There are 2 protein chains.
Amino acid sequence: MDAIISRQDAETGGFSNTKFDAGWQISFEADLKAPRVVEARVASYPPRSLIVDEGDETTNVYEVVEGGVLLFKLLPDGRRQIIEVLGVGDVFGLAPNGVSDVGAETLTKARVAIYEKRRVDADTALRDRIFSRLRAQMCALHDHALLLGRKSAQERVATFIMRLVPGRGGHACSGPLGGCDETHVDLAMTRQEIADYLGLTIETVSRAFSALRRAGTIAYERQDRVAIPSVCQLCRLTGSH
Amino acid sequence: MDAIISRQDAETGGFSNTKFDAGWQISFEADLKAPRVVEARVASYPPRSLIVDEGDETTNVYEVVEGGVLLFKLLPDGRRQIIEVLGVGDVFGLAPNGVSDVGAETLTKARVAIYEKRRVDADTALRDRIFSRLRAQMCALHDHALLLGRKSAQERVATFIMRLVPGRGGHACSGPLGGCDETHVDLAMTRQEIADYLGLTIETVSRAFSALRRAGTIAYERQDRVAIPSVCQLCRLTGSH
DNA sequence: CGAAGAATTGACCGCATTCAAATGCGGTGG
DNA sequence: CCACCGCATTTGAATGCGGTCAATTCTTCG
């Protein structure tokens, strides 16, 4: 594995303080405010590198410190489902029986804090922090189950893009600030990754993007950067409102 | 709400000690061995009654003590997705912001232990037990995301039935015991509930059941009771093996 | 500029949905 | 016991959305 392991004592964990609302919006950037004193091994990975594989024995708990991480599962015939897209502060590696039920792969260049089981067992404060984050991630999984089970391709893609707009689309959506309702978002994921996340094929994702573009709901600034003239208009296509 | 509230001090919580493997198999029956001393309010509900609704304010944590509970989400136009089917020992009501992100409804007659937030905050042992169970339930959600995103209708239904066979279909599947590989399972859920759980329509679920029946993979003992001549044969249709 | 990979677009197909009708099942009352 | 009713389930036929296969275009990078 091509991870660069470094030991960091009393280092800033760098947790995002972005408000998560049922898992919406992701922050891949560490917020350097509110540093926490944590003794942990931190591993650095290049983009698209495997951290743990499905079925690996691990009792470690992992926390994303910088960058993005994908959790995925595979079927024997190669079908892949991306289960969750993790940002800074999110945790994984919590399968109860010491065998990872999902694979974890970096989406971007990423740093991941690794906590050994005995440390998690001993440290109540750490455990509580993991617990708390796990609750938020569980809500994201609930939302995603609704998307996978009941939403159309259009709605899935619209939901996906909305997920990348900070502070919007959740239950407590602030609405447009000061009349202006345009933004742009970075996709960070390839079409294939988006497809595997949304339970679609790459072609269907592409078609849905194109349809949104033709309708004027989005525009491409670059291939991986989308302009949204009216967030509310996009939000109406998610099926959630 | 038609719950019968009772106060039970130092009562047996009655937790199932069935081994859960990534959320597979459900036990709606409390195992009375290994009683735990718990002070908690316990509410009793008739079948199909609402415990909490999506959007309700609750800081309580709930634990299923007897029976089965469904967690679900709705879209504004009425589409419903059942997120998770809970058995004895499973917990819910853990949305991080005090507003439930899912509705919870009893599947069968059920009893549910209710822990207030301040009690969960104060009691480390309780919190750890909830945490531990949450980890198992998260694995079940991961599996279900794979099902919803990537499996065919046939595979979903086969997976659903396998989920009801104790000790089989998981990663550490024991295989048939002593050559004999037949069982029967109680469905407990209506076709509509199964459809909402599997992200299908009621007709598609019915057709999948019929196809399995025609193929001899299952047989009806009653409408809600399925005989499985060969568990392994059914398991091969889940797409997971 | 050229090559390799990613994304888009098009044509066609198949699976699941939709709409509709028939059948089966459980309960109530005669 | 049996007839009847209401509801769940099953089955059938037609439609359509998303998948599959294939060709083209766009991007990136050497």
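Small disclaimer: the values here were computed from a predicted structure and weren't measured. Convention: sequence-line order gives letters A, B, ...; per-chain numbering from 1.
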### Query
Counting side-chain heavy atoms from C-beta on, which of C:dA7, D:dT10, D:dT9 comes nearest to B:S210?
D:dT10
### Gap between atoms CD and P, on A:Q192 and C:dA7 respectively (whole Å)
9 Å
#### Entry: Distance, rounded to the nearest Å, where A:I202 contributes CD1 and C:dG5 contributes C1'
11 Å
### Message
Rounding to an integer number of Å, can you tell me how far A:Q154 CD sits from D:dC17 P?
### Response
11 Å
### Task
Find the distance A:Q223:CD to D:dT27:C1' and express it as a whole number of Å.
6 Å
### Task
Please examine the side chains of A:S206 and A:E203, heavy atoms only from C-beta on, and report whether any two atoms are closer than 4.5 Å.
no
### Message
On the nucleotide C:dT17, are OP1 or OP2 found under 4.0 Å from the side-chain N or O atoms that B:T201 carries?
### Response
yes
### Query
What is the distance from CZ of A:R222 to C1' of C:dA6, rounded to the nearest Å?
15 Å
### Task
Please state how far atom NZ in B:K151 lies from atom P in C:dA16, giving the value in whole angstrom units.
14 Å
### Message
Tell me whether the side-chain N/O atoms of A:S152 come closer than 4.0 Å to OP1 or OP2 in D:dC17.
### Response
no
### Query
Want to settle it: does A:R207 or B:E203 sit nearer the 5' end of DNA chain C, counting the closest nucleotide to each?
A:R207
### Message
For C:dA16 and B:T204 - does any side-chain N or O of the residue sit under 4.0 Å from the phosphate oxygens OP1/OP2?
### Response
no
### Query
Rounded to the Å, how far apart are B:L200 CG and C:dT18 C1'?
14 Å
### Message
What is the separation between atom CZ on A:R225 and atom P on D:dT28, rounded to the nearest whole Å?
### Response
14 Å
